[in-house]
Amino acid sequence: MFLNLKRKYIDSSATSFLKKTKRVRDKRFINWDDVSSVLILLDVEHINHALFSKLYQKVSDKKVKIWCMIPKYDPRTGDSENVFFFDRKSISLLEKPNNIITGKFLSENYDVLIDLTRKESLPLKYLAMISTAHCKCGLDKPLYDFYDLKMSMSAGAAEEQLLDQILFYLRTIKTK
């Protein structure tokens, strides 16, 4: 029951934020050749620089930023130029990211948002919902009806496989 309350709170908070700030998204598919920036969302158990490097390399011809939710942030690890970490200390009891995280997230605009989370992550869902990225992509999950491109994959699929699949379709789609 408490999880349902958190879900409703995240959904209504994101909707309210978008209305209050009058943020409007230019929802459209973009030819991959015209994409200049990509935002990747991840929820991981521990920092894995090898994974981040592999994901970055797959879209290295674009400006890439990875936002990563981790259980516990170690300041000694630090953020890099392309990877930003945040943990439970940066979110409320109802799992909404604080204003510092939200402000930093919204400080840059992206053409494509790719959510590589395989399970529900309410803080990342909130960020994905308030993003003004032209095209939002991710794994088909219940109650995530804001994606423009939804993928279905086996439960054991790795983030790299999901990214490969999404990139395949994004590179295939051609618009006028």
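It should be emphasised that the depicted structure is a prediction, and the values quoted were computed from it without experimental measurement. Computed from heavy atoms alone, side chains included, the values below leave out hydrogens, waters and symmetry copies.
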Any donor-acceptor N/O pair, Ser16 side chain to Ser13 backbone, under 3.5 Å: no
Side chains of Lys141 and Thr117: do they bring a donor and an acceptor to under 3.5 Å? yes
So, Asp148 side chain and Lys136 main chain: donor-acceptor pair closer than 3.5 Å or not? yes
Do Met129 and Val38 sit in the same hydrophobic cluster, where Ile, Leu, Val, Met, Phe, Trp and Tyr count as joined when their side-chain heavy atoms come under 4.5 Å apart? no
Does a salt bridge link Asp111 with Lys62, judged by any charged N lying under 4.0 Å from a carboxylate O? no
Pairs involving residues 151-162, ordered by first then second residue, that meet salt bridge (Lys or Arg N to Asp or Glu O under 4.0 Å) (sequence neighbours left out): Lys54-Glu160, Arg118-Glu159
N-O pairing of Asp164 and Lys58 below 4.0 Å: yes
Residue pair Leu124 / Leu42: nearest heavy atoms and the distance that separates them: CD1-O, 3.1 Å
Answer yes or no: are there more than 12 heavy-atom neighbours, outside Asp34 itself, under 6.0 Å from its atom CG? yes
Answer yes or no: is there an ion pair linking Lys125 with Asp11, defined by an N-O contact shorter than 4.0 Å? yes
If the plane angle is over 60° it's perpendicular, under 30° parallel, otherwise tilted; pick one for Phe52 and Phe85. tilted
Residues in side chain to side chain contact (heavy atoms under 4.5 Å, CB included) with Phe17, at least two apart? Thr21, Arg23, Thr102, Leu106, Tyr126, Ile130
One should read off an interatomic distance between Leu113 CG and Ser131 OG, to the nearest 0.5 angstrom, of 5.0 Å
May I ask you to decide if the ring planes of Trp67 and Phe84 are parallel, tilted or perpendicular, using 30° and 60° as cut-offs? tilted
Check for a donor-acceptor pair, side chain of Gln165 on one end and backbone N or O of Leu162 on the other, with a separation under 3.5 Å. no
Excluding sequence neighbours, so at least two apart, what forms side chain to side chain donor-acceptor pair (under 3.5 Å) with Lys63? Glu108
Say whether, by atom type as modelled, one donor and one acceptor occur between the side chain of Asn98 and the main chain of Ile100 under 3.5 angstrom. yes
Is the backbone N or O of Phe86 less than 3.5 Å from a side-chain atom of Ser90, with the two atoms forming a donor-acceptor pair by type? no
Given 3.5 Å as the limit, does a donor-acceptor pair link the side chain of Lys150 with the main chain of Cys137, or not? no
